[in-house]
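Working notes, beginning with the structure itself.
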Protein chains: 2
Amino acid sequence: MSDETASRPGTRRGPYAKSTRRQAEIVASATSVFSERGYRGGSLREIAKQLDASLTSVVHHFPSKSALLVAVLENADSAHADAFQEDSRHQGVAYAVLRYVRRNIDRPEMLRLLALMAAESSASDHPAHEWFRHRYELTIGILANAVRRDQEEGRVANTRDPRGIAESLVALWDGLQLQWLIDPQRDLVAAMTAALKDLLGPKAIPGP
Amino acid sequence: MSDETASRPGTRRGPYAKSTRRQAEIVASATSVFSERGYRGGSLREIAKQLDASLTSVVHHFPSKSALLVAVLENADSAHADAFQEDSRHQGVAYAVLRYVRRNIDRPEMLRLLALMAAESSASDHPAHEWFRHRYELTIGILANAVRRDQEEGRVANTRDPRGIAESLVALWDGLQLQWLIDPQRDLVAAMTAALKDLLGPKAIPGP
DNA sequence: GTCTATACCCGGATAGAC
DNA sequence: GTCTATCCGGGTATAGAC
């Protein structure tokens with residue numbers, strides 16, 4: 001919102017530079033708080049305290065707690081999503097998915113937050129509803145394209161429509177992730193690998 | 001807690017009868033409130049108001065909001081879980097799963113609540129953590145048995161270990177359900193049927 | 001534009017009287 | 001068992017200082 005002017009260098013960037021920096025700090029603090037205490041558990045007051053700022057200062061930059069949450073999600077997920085898209089384009093679906101899994105296994109709190117918010121945001125009046133809807137739409141689209149490419153190259157044996165397969169893949173990932181979050185004893189990578197083999201065929205799985 | 005004396009009939013059963021009845025009323029009220037407003041959105045005060053009772057009266061029977069939630073979940077899920085087990089024993093996995101899906105498609109609010117609480121309860125210190133852990137363990141176990149039976153009878157082509165398949169089935173269900181909750185336009189039954197066919201083989205799918 | 005202080009209303013939890 | 005009263009902490013809205 002305040003980036004339009006900042007994106008035009010040379011005009012004025014003084015007053016906004018501090019603001020965007022402050023916003024980034026708030027997002028970082030919110031990420032750590034939400035990751036530890038969850039969304040419900042984490043309070044704006046605690047986020048502010050971490051920055052030696054006041055509550056209203058936080059509210060000034062993000063009009064509501066949910067707006068801040070969306071910023072956190074966006075920021076946390078964008079890097080991983082980009083890498084995923086890159087992988088899927090060059091190395092095939094299974095490779096991309098498994099790398100995505102491996103990358104995410106180190107930040108269970110973040111996954112917990114994403115899973116929690118996805119469920120919570122399923123209510124159509126939730127502030128993050130549209131964000132998640134769009135996110136799923138995007139992810140499934142990207143995956144569907146990658147699946148189609150793999151089908152054409154003979155890497156994926158399953159001949160079902162790519163979009164349906166993509167939906168199943170996302171579902172599998174969400175579901176296995178949930179089981180793993182509830183019981184960390186489970187081997188998430190192994191489970192995902194086996195499921196991928198069932199869904200895509202053995203040739204789709206990359207070597208160890 | 002108050003059942004020990006009640007389990008000895010003939011001595012005194014008057015005072016406790018009213019209590020258990022009251023508890024059932026509270027659970028019913030909580031179910032409707034949680035289903036409409038969600039867990040976070042629903043308040044104990046509103047639950048009490050529906051019964052023309054006060055907040056502390058509710059708290060007296062259920063020491064915390066989360067304890068009440070667990071009672072709600074237990075009560076709401078038991079009937080469906082029993083039917084599922086029955087079906088899987090007699091008609092095969094795919095049939096049981098699809099009937100479970102069809103049965104649940106009429107109560108999206110309840111599914112939303114279950115999905116939300118499953119995610120939230122993944123935190124190990126959550127009041128409902130153990131309940132969900134046990135629920136998943138149980139569901140997967142039942143499914144694994146059914147899968148093994150179907151494999152032996154040649155109804156399921158997939159030769160992977162039954163437990164792994166069962167985990168994938170649960171994950172698929174949770175994941176597709178989530179996508180459907182976020183975007184009700186999707187055809188949950190069709191998606192689940194197609195995924196089942198991929199995972200179990202075409203012979204496992206019952207006719208229309 | 002940025003930040004602060006204050007106040008409001010609602011949430012869950014607790015103590016004590018009846 | 002049920003109530004009233006109270007506490008503390010949460011998100012939010014407003015007024016005002018720099």
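A, B, ... follow the sequence lines: proteins, then strands. Residue 1 opens every chain.
B:S43 comes within 4.0 angstrom of the backbone, heavy atoms only, and of no base. Using a 4.0 Å heavy-atom distance criterion, A:G41 is classed as making no nucleic acid contact.
B:L169 and B:V93 make their closest contact through CD1-CG1, 3.8 Å (heavy atoms, listed as atom of the first residue, atom of the second, distance). Between A:W180 and A:R186, the shortest heavy-atom distance links the atoms CD1-O, 3.3 Å.
At D:dT2, none of the side-chain N or O atoms of B:S54 fall inside 4.0 Å of OP1 or OP2 (strictly under the cut-off).
Minimum atom distance to the side chain of B:T56 is reached by C:dT14, of the listed C:dT14, C:dA7, D:dA13. Between D:dT12, C:dT4, C:dA13, one nucleotide has an atom nearer to the side chain of A:L44 than all others, and that is D:dT12. Which of D:dC3, C:dG12, C:dC3 sits closest to the side chain of B:A53 comes down to D:dC3. Candidate nucleotides C:dA13, C:dT4, D:dG1 were compared by shortest atom distance to the side chain of B:H60, and D:dG1 ranks first. Closest contact between the side chain of B:R22 and the listed nucleotides D:dC3, D:dG11, D:dT2 involves D:dT2. When each of D:dT12, D:dT2, C:dA13 is scored by its nearest atom to the side-chain atoms of B:H61, the top-ranked nucleotide is D:dT2.
Evaluation of atom-type donor-acceptor distances gives no pair under 3.5 Å for the side chain of A:R45 against the base of D:dG9.
Between the side chains of A:R22 and A:S57, not a single donor N or O lies within less than 3.5 Å of an accepting N or O.
As rounded to whole Å, 10 Å separates atom P of C:dT4 from atom CG of A:D52. Between the CZ atom of A:R21 and the P atom of C:dC3 there is a distance of 11 Å, given to the nearest Å. The interatomic distance linking A:I47 (CD1) with D:dG9 (P) rounds to 17 Å, in whole Å. Distance CD (A:E25) to C1' (C:dT2): 14 Å, rounded to an integer number of Å. Rounding to whole angstrom units, CG of residue B:L51 and C1' of D:dC3 are separated by 15 Å. Rounded to a whole Å, the CD atom of B:Q23 is 10 Å from the P atom of D:dT2. We find that CG of B:L55 is positioned 13 Å from P of D:dT2, with the value rounded to whole Å. The interatomic distance linking B:K65 (NZ) with C:dT14 (P) rounds to 15 Å, in whole Å.
Take the nearest nucleotide of DNA chain D for A:P63 and for A:R40: the residue whose nucleotide is more 5' is A:R40.
No cation-pi contact links A:K65 to A:F34, judged by a cut-off of 6.0 Å to the six-membered ring centre and 45° from its axis.
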Legend entry - CA sep, side-chain torsions, deciding dist, call: A:R163, A:E167, salt bridge (charged side-chain N to carboxylate O under 4.0 Å, His left out): CA-CA 6 Å; A:R163 164 142 191 129; A:E167 289 172 358; 3.2 Å; yes
